[in-house]
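Quick notes on the structure that follows.
Not measured: the values here are computed from a predicted model. In the text below, chain A, chain B and the rest are named by the order of the sequence lines, each starting its count at 1. Note that these values count all heavy atoms, side chains included, but never hydrogens, waters or copies made by symmetry.
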There are 2 protein chains.
Amino acid sequence: MRDVAIIGVGMTHFGELWSQGIRDMFAEAALKAMDNAGIEKIDSLYVGCMSSGLYTKQEHLGSVMADYIGQRGIPAMRVESACASGGMAVRAAYLEVASGMSDIVMAGGVEKMWDADDGSAILATAADQEYEAYNGVTFPGLYAMMARAYMHRYGLTLEELAMPSVFSHKHAVNNPNAQYPYILDVNGVLKSSMVADPLRLMECSPITDGAAAVILCPLEIAKNFTKNPVKIKGIGSATGPIALHNHDDLTRLDAVRLAAERAYKMAGANHSDISLVEVHDCFSIAQIIVAEELGFFDYGKGGKAIAEGQGSYGGKVVINSSGGLKAKGHPVGATGVAQIIEIVEQLQGRAGKRQVENIKLGMTQNMGGSGGSSVVHILEAV
Amino acid sequence: MRDVAIIGVGMTHFGELWSQGIRDMFAEAALKAMDNAGIEKIDSLYVGCMSSGLYTKQEHLGSVMADYIGQRGIPAMRVESACASGGMAVRAAYLEVASGMSDIVMAGGVEKMWDADDGSAILATAADQEYEAYNGVTFPGLYAMMARAYMHRYGLTLEELAMPSVFSHKHAVNNPNAQYPYILDVNGVLKSSMVADPLRLMECSPITDGAAAVILCPLEIAKNFTKNPVKIKGIGSATGPIALHNHDDLTRLDAVRLAAERAYKMAGANHSDISLVEVHDCFSIAQIIVAEELGFFDYGKGGKAIAEGQGSYGGKVVINSSGGLKAKGHPVGATGVAQIIEIVEQLQGRAGKRQVENIKLGMTQNMGGSGGSSVVHILEAV
């Protein structure tokens with residue numbers, strides 16, 4: 001396989017983008033990424049999107065977006081793996097470059113969520129429709145069961161469960177693209193409305209419009225485009241049970257662990273080499289369990305460690321310097337790509353007040369459903 | 001890039017499969033393909049599907065299907081490019097094997113269409129939602145405009161326009177998996193109800209449930225699994241305008257021509273090397289224009305040539321020995337994979353009464369929308 005690098009990134013603001021349709025948002029992110037890479041032409045396009053059919057009645061996004069960004073004629077396809085669609089689009093683009101089929105490939109992601117009036121039902125199509133969604137459970141309910149199981153087994157308190165959100169908001173204050181860049185304290189979390197006991201509104205990622213795009217090329221030509229390309233050093237992807245009731249253990253996410261093992265193996269690295277990580281904190285409990293599955297904390301120890309600040313600046317590893325899904329926002333198809341962008345900008349020293357110092361390697365972890373799929377990338381400055 | 005071969009194929013019957021849900025159908029095709037390849041484990045999975053969200057309220061098919069075929073843990077994603085989703089899933093699987101990332105990769109496709117009561121509106125999400133579908137045009141209307149333009153310019157008669165359907169049904173009689181394996185004569189076409197003038201019901205592909213799957217591996221190990229693997233000798237993929245009104249010429253499909261040029265170049269072949277081809281005859285006029293774009297007939301000559309039998313046994317090239325989308329059926333996400341299966345079985349000499357003799361190379365052409373995307377594969381027995 002050829003080594004692959006990222007040479008350009010671009011994204012929209014994340015939030016309620018009432019004045020932009022799905023193609024406007026994607027075009028903004030894509031053209032920013034091309035501008036960042038200094039290119040006017042790409043060879044192939046992957047568009048990560050969970051459910052443009054249900055959200056906007058528009059499938060066939062590969063064709064739509066290739067056309068609207070002025071690249072009509074190139075190969076293009078949509079990639080879908082629920083909320084991991086963006087990360088999987090990057091993986092697919094990686095394979096196209098690594099194989100030698102194409103040189104300059106864009107991986108983008110987009111979701112236009114605010115125009116739909118049945119957002120929770122649409123998101124629930126990422127769960128097991130026949131055994132979960134049809135019977136009325138949506139994702140807050142599924143993750144609430146995971147949270148209850150974790151609290152019961154490991155003695156996590158409600159105050160500790162609230163802390164991932166507190167840190168995410170603290171980080172987001174310094175992210176100009178974040179949907180909710182404001183300080184939130186533990187009382188703010190605990191006084192927010194209950195969504196699915198024990199998860200309160202401020203422990204759930206929001207509904208978000210947004211798009212993000214990155215440009216990949218062979219590492220050997222990357223410096224023709226930018227003085228500081230970022231190498232994709234490891235990729236791991238895995239599936240888990242589509243339904244929560246088929247998890248062997250409600251406090252574990254097997255797909256995350258498997259994906260991380262594969263990425264670490266490919267990169268020749270382990271968790272101690274990672275300085276910062278963007279994790280898929282769709283709910284507060286997800287950040288905790290994921291951080292454990294990635295190896296940063298022992299099982300049952302992640303909740304308390306994060307509450308003590310071990311997942312923030314000066315801690316063991318900086319988790320979600322961008323603000324994460326909770327505070328930066330979660331336009332589901334764009335999230336995995338935006339995670340990559342955060343790590344790229346950090347590795348390039350362009351993260352402003354969010355900058356993490358002395359980074360060795362950066363990592364992203366993107367997830368679909370209640371652990372039905374996950375994809376992990378390990379990135380390195382070159 | 002590593003050379004890649006197909007070592008196993010499997011599909012369901014195409015038709016109204018009221019007793020099978022989307023996962024049952026996919027599992028049947030997938031397990032048949034694994035059985036055909038003599039394997040019990042795959043390394044990665046691609047699922048081509050256009051719109052499981054709108055048809056069945058189930059996204060995240062990579063995870064669902066990996067789980068339901070007993071392969072939980074492997075990487076899996078859904079690929080979508082409207083009605084070209086199946087062909088693009090094969091392309092994505094090809095890249096994963098060619099790159100060296102994985103050895104044994106399944107590309108499947110599925111669509112469960114009969115359960116939905118607004119099928120035409122769902123299919124129209126493959127067109128330009130904002131400029132076409134929102135204003136009421138669906139695919140029969142779009143292709144009817146192409147047919148009228150072609151008839152006007154080249155003098156094609158209604159009787160000639162009907163002939164692709166006549167030959168498709170003649171071929172389908174010998175296909176045990178076909179939805180409509182019966183003889184249809186030109187009067188049967190011309191007396192069927194009008195859908196969108198000049199296209200009548202018997203010139204439109206049907207609503208179909210079905211699934212198909214193929215197994216890919218590096219060519220160098222393919223004979224460990226089967227004595228007659230089929231090499232993927234060329235792949236070409238391209239996009240065109242998402243909206244019909246942006247075509248430079250209503251009688252042309254630029255994405256098909258571009259995809260074919262790329263596939264021919266990669267294979268070191270041209271149309272005269274192709275003995276049989278499965279084309280995307282979503283409507284009678286599509287078969288004619290596609291056959292021209294692939295190089296088999298000059299522009300404006302394809303309609304009359306096909307009407308004279310040049311696209312059937314004994315003619316210039318056998319088009320749609322399977323019966324094609326019109327008579328075999330068109331479960332949109334599965335179609336591109338099923339096209340590959342027809343060519344594989346022909347190259348292996350397993351096509352029974354449909355067998356084409358003395359095949360040099362076989363070809364498939366899968367298309368999304370009104371030419372918004374297309375993907376072409378060239379296959380060779382090894």
Look only at the side chain of Asp67(B) and the backbone of Val64(B), and say whether a donor-acceptor pair between them is shorter than 3.5 Å.
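No; zero donor-acceptor contacts below 3.5 Å.
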
Determine whether a donor-acceptor pair (N or O, by modelled atom type, separation under 3.5 Å) exists between the side chain of His280(B) and the backbone of Ala286(B).
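Checking the backbone N and O of Ala286(B) against the side chain of His280(B), no donor-acceptor pair under 3.5 Å is found.
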
What residue in [options] has the most heavy-atom pairs under 4.5 Å with chain B?
| options | value |
| --- | --- |
| Val79(A), Ile235(A), Thr125(A) | Thr125(A) |
| Ala126(A), Ala255(A), Gly100(A) | Ala126(A) |
| Arg262(A), Gln71(A), Arg23(A) | Arg23(A) |
| Pro241(A), Gly240(A), Gly62(A) | Pro241(A) |
| Gly372(A), Ser373(A), Gly73(A), Ser81(A) | Gly73(A) |
| Val375(A), Ile242(A), Asp128(A) | Ile242(A) |

Tell me, side chain or backbone of Arg2(B) under 4.5 Å from chain A's heavy atoms, or both, or neither?
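The answer is neither part of Arg2(B).
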
Non-neighbouring partners of Ser102(B) that pass side chain to side chain donor-acceptor pair (under 3.5 Å), sequence neighbours left out:
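Result, side chain to side chain donor-acceptor pair (under 3.5 Å) vs Ser102(B): Glu96(B).
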
Point-to-point distance, once rounded to the nearest 0.5 Å, from [atom1] of [X] to [atom2] of [Y]:
| X | Y | atom1 | atom2 | value |
| --- | --- | --- | --- | --- |
| Gln129(A) | Asn135(A) | CD | CG | 9.0 Å |
| Ser52(B) | Lys57(B) | OG | NZ | 12.0 Å |
| Glu293(A) | Leu258(A) | CD | CG | 9.5 Å |
| Ile207(A) | Leu123(A) | CD1 | CG | 5.5 Å |
| Ser374(B) | Leu253(B) | OG | CG | 8.0 Å |
| Leu61(A) | Ile22(A) | CG | CD1 | 5.0 Å |

Atom of [X], atom of [Y] and distance for their closest heavy-atom approach:
| X | Y | answer |
| --- | --- | --- |
| Ala66(B) | Thr239(A) | CB-OG1, 3.8 Å |
| Leu244(A) | Glu132(A) | N-OE2, 2.6 Å |
| Glu59(B) | Gly53(B) | OE2-CA, 3.3 Å |

Sort [X] into side chain, backbone, both or neither according to what part of it lies under 4.5 angstrom from a heavy atom of chain B.
| X | value |
| --- | --- |
| Ala127(A) | backbone |
| Ala76(A) | both |
| Glu130(A) | both |
| Ile122(A) | neither |

With chain A as the partner, which of Val97(B), Asn246(B), Thr56(B) has the greatest number of non-hydrogen pairs under 4.5 Å?
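Max contact count across the listed options: Asn246(B).
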
Between Ala121(B), Ser85(B), Ser63(B), which shows the greatest number of heavy-atom pairs under 4.5 Å with chain A?
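Of Ala121(B), Ser85(B), Ser63(B), Ser63(B) has the most heavy-atom pairs under 4.5 Å with chain A.
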
Can you see whether Ser120(A) engages Thr138(A) through a side-chain donor-acceptor pair at a distance of less than 3.5 angstrom?
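Not at all, the side chains of Ser120(A) and Thr138(A) share no donor-acceptor pair under 3.5 Å.
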
Passes side chain to side chain contact (heavy atoms under 4.5 Å, CB included), Met146(A) versus Tyr143(A)? Steps please.
CA-CA 5 Å; Met146(A) 297 165 72; Tyr143(A) 277 92; 3.6 Å; yes

Residues 43-51 of chain B: residues contacting chain A (heavy atom under 4.5 Å, by number)
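Counting heavy atoms that sit under 4.5 Å from chain A, the residues of residues 43-51 of chain B involved are Ser44(B), Tyr46(B), Met50(B), Ser51(B).
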
Members of residues 103-116 of chain B whose heavy atoms come closer than 4.5 Å to chain A:
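No residue falls under the 4.5 Å cut-off.
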
One pair to check against side chain to side chain contact (heavy atoms under 4.5 Å, CB included): Val4(A) and Leu219(A). What are the steps and the verdict?
CA-CA 5 Å; Val4(A) 179; Leu219(A) 178 63; over 6 Å; no

Ring pair (Phe, Tyr, Trp, His ring centres under 6.0 Å): pairs with one or both residues in residues 48-100 of chain B, sequence neighbours excluded
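Every pair satisfying ring pair (Phe, Tyr, Trp, His ring centres under 6.0 Å) with a residue in residues 48-100 of chain B: there are none.
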
